[in-house]
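I have a structure here, written as structure tokens, and I will follow up with some questions on it.
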Amino acid sequence: MPRISSSFLVAALSAVVACAPAERDRPNIIFIFADDHAAQAVGAYGGRLASLDPTPNIDRLAQEGMLFRNAFVTNAICAPSRAVILTGKHSHLNSVPTNAERFDSSQVTFAQLLRDAGYETAIVGKWHLKSEPVGFDYWEVLPGQGSYYNPEFRTAQGTVQDTGYVTDIITDKVLDWLGRGRLGDRPFMLMYQHKAPHREWSPGPQHLNQYDDIDIPEPATLFDDYSGRSSAAREQEMTIAVHQHLAYDSKVWPDPEMEEDWGTQAAQRLRDRMTADQLAAWDVAYGPKNDALRRAGLTGDDLTRWKYQRYMKDYLRAIASVDDNLGRLLDYLDHSGLAENTVVIYTSDQGFFLGEHGWYDKRWMYEESLRMPLIVRWPGAIEPGSEDSHLVQNLDFAETFLDLAGVAVPEAMQGRSLVPLLMGERPSDWRDAIYYHYYEFPAVHQVQRHYGIRTDRYKLIHYYLIDEWELFDLEQDPDELRSVYDAAEYADIVTELKERLARLRALYDVPEDDRVP
Ligand code: CA
């Protein structure tokens, strides 16, 4: 080992001392993470739901910050997205390719590195990685998916239960930690992670009757027939028409005529969690609407349309609480003086189908589940009301947080810091394609395993267990209704994309055998 001269040490120590004032200027980071909040249900992204004004506070964040038009997940399902974000590595390298695995907490995470670098770190809300959170000074997380009403929380001291609605309670805990829980005046990194608007989309008490008197616009593809695509699109189990459960998903409960199947039992468990007051308020809101459905005797497409309305209203009601509580947080940051030096990020673990293709849920590389909302506010650095269109991914978040904190990004992380994009730069060597890989099959919703590449115009998908391919020209076919994989005029595009896909798989060290893990 080379000897270090004492004069070098003195110089190094003076450098540390000289850096001390700047140290205090490192920004705080608040990462607000919704679950299954699709970009098309964020007002600032436009689209058919924007006229409902579903997210005024998130939209405020966009007006004051930067909105990313092309943010994509690497693997569109809950736990895997979280593992990618913590490690900056694709699913085949981070121990969580599906919702079934336990996160290997001995891995290097950005949280641990930020903590080592002097940041105070905290996580409150949904965690979903089974193992105990590591790298956090403070953590209070939902067990598994958690519950909307009267949720339990795992803490370092054991499990506690709170009375109330989960989105409000998570925010109470966050505000309490910000105001009284922090250890000192070190910069902090807070992960504020909602359960909402995950299935079963239970609204909070303040929003049980929101949207009662309006019709939610339907997507053009609500009655998709899945022609023109692979067999995977036809053989899934995630349609509103067939697979949404009337008791569990649509909350037509209690219904004595219903069979005692899994959905009815699950719905009963939701009722059993509520206090008498909560349940009474719930039944006042839902009872008359459910009675009207029974009287109407709807069947076929009419029933599907009704289920779509119920689904979308509950989904947007759950989001309304997320948005209300974001307003509470933004007010707190303003009044406490923290807003100025705090980077606030709003995103979701993946997108979601809101009736497009007749579906709910996520998993697919199709646009609605692939796309993540991503909005970042950083006063004094980001130009208010700006937009970015680079291809970015949740793979980039760990690197971004480290870069914001001035911490070196480990070589093994596979993404890239978004800080230059936040500063309005347009790096000429930014990625021109993303890699995607979904593994959870066979499983609920029966979505075939697939991987693929998306460029700004094309998307090539390989369902490798059945060896079927799809190619979409997003410019000609933004709704992805017609694969042109076999079309002669796209033959050269297919060849080129397969080569680029192979290069991406090599770049990210994807194992040859896709059945593993
Ligand atoms: Ca999710």
Side-chain angles (χ1 to χ4, degrees), residues 31-42 45 55 58 71-87 90-91 94 96-103 123-130 133 141-148 151 166-167 170 191-202 236-238 243-244 248-249 311-312 314-319 321-323 345-357 359-375 393-395 397 436-441 443-447 450:
F31 179 68
I32 308 166
F33 200 46
D35 192 322
D36 296 356
H37 190 176
Q40 66 270 33
V42 174
Y45 276 88
T55 53
I58 300 172
F72 299 110
V73 71
T74 58
N75 179 1
I77 187 167
C78 304
S81 178
R82 289 149 210 273
V84 168
I85 288 168
L86 282 168
T87 62
H90 274 282
S91 297
N94 69 28
V96 185
T98 79
N99 273 346
E101 295 82 16
R102 182 183 184 85
F103 183 69
I123 179 167
V124 181
K126 187 170 174 184
W127 166 248
H128 204 204
L129 290 170
K130 297 187 173 69
V141 298
L142 301 170
Q145 297 282 3
S147 298
Y148 276 106
V166 68
T167 307
I170 289 171
M191 302 182 84
Y192 165 30
Q193 308 209 145
H194 288 295
K195 169 182 175 60
H198 191 279
R199 188 186 190 186
E200 76 291 345
W201 323 292
S202 283
Q236 41 61 41
E237 297 180 357
M238 50 189 277
H243 303 103
Q244 269 193 356
Y248 179 62
D249 293 305
Y311 161 44
M312 285 311 306
D314 284 343
Y315 181 85
L316 293 172
R317 289 163 181 153
I319 287 169
S321 284
V322 170
D323 193 79
I345 298 142
Y346 186 88
T347 186
S348 168
D349 56 351
Q350 11 64 211
F352 216 65
F353 293 97
L354 306 181
E356 300 91 354
H357 304 296
W359 291 342
Y360 63 108
D361 212 72
K362 53 264 184 176
R363 298 164 195 271
W364 297 88
M365 197 184 169
Y366 297 150
E367 290 293 276
E368 292 82 359
S369 58
L370 180 67
R371 187 181 304 282
M372 309 166 77
L374 177 62
I375 295 168
Q393 293 197 273
N394 58 336
L395 188 69
F397 293 177
Y436 179 89
H437 200 146
Y438 171 78
Y439 296 89
E440 194 173 285
F441 179 90
V444 60
H445 300 306
Q446 292 291 82
V447 175
H450 57 291

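As the structure is a computational prediction, the values presented were derived from the model and not from experiment. Order of listing sets the numbers, starting from 1, for every ligand and every atom in it.
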**Study point:** Minimum heavy-atom distance Asp314-Trp201, with the two atoms named
**Key:**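 For Asp314 and Trp201, the tightest heavy-atom pair comes out as CB-O, 3.2 Å.
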Exercise for review: May I ask you to decide if Phe352's main-chain N or O and Gln40's side chain share a donor-acceptor pair within less than 3.5 Å?
Suggested key: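 It does hold such a pair.
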Review point. Looking at His450 versus Tyr436, is the centre-to-centre ring distance below 6.0 Å?
Key: yes
Review point. At distances under 3.0 Å, what protein N, O or S atoms surround the Ca ion (ligand 1)?
Key: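 Asp35 OD1, Asp36 OD1, Cys78 SG, Asp349 OD1, Asp349 OD2, Gln350 OE1, with waters left out.
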Review point. Hey, do the aromatic rings of Tyr346 and His194 have their centres closer than 6.0 Å?
Key: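 No: the rings miss the under 6.0 Å criterion.
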Check your understanding: What's the shortest heavy-atom distance between Cys78 and His128, and which atoms?
Key ->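 Reported closest heavy-atom pair: CB-ND1, 3.4 Å.
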Review point. With sequence neighbours excluded, what pairs up with Asp35 under the side chain to side chain donor-acceptor pair (under 3.5 Å) test?
Key: Arg82, Lys126
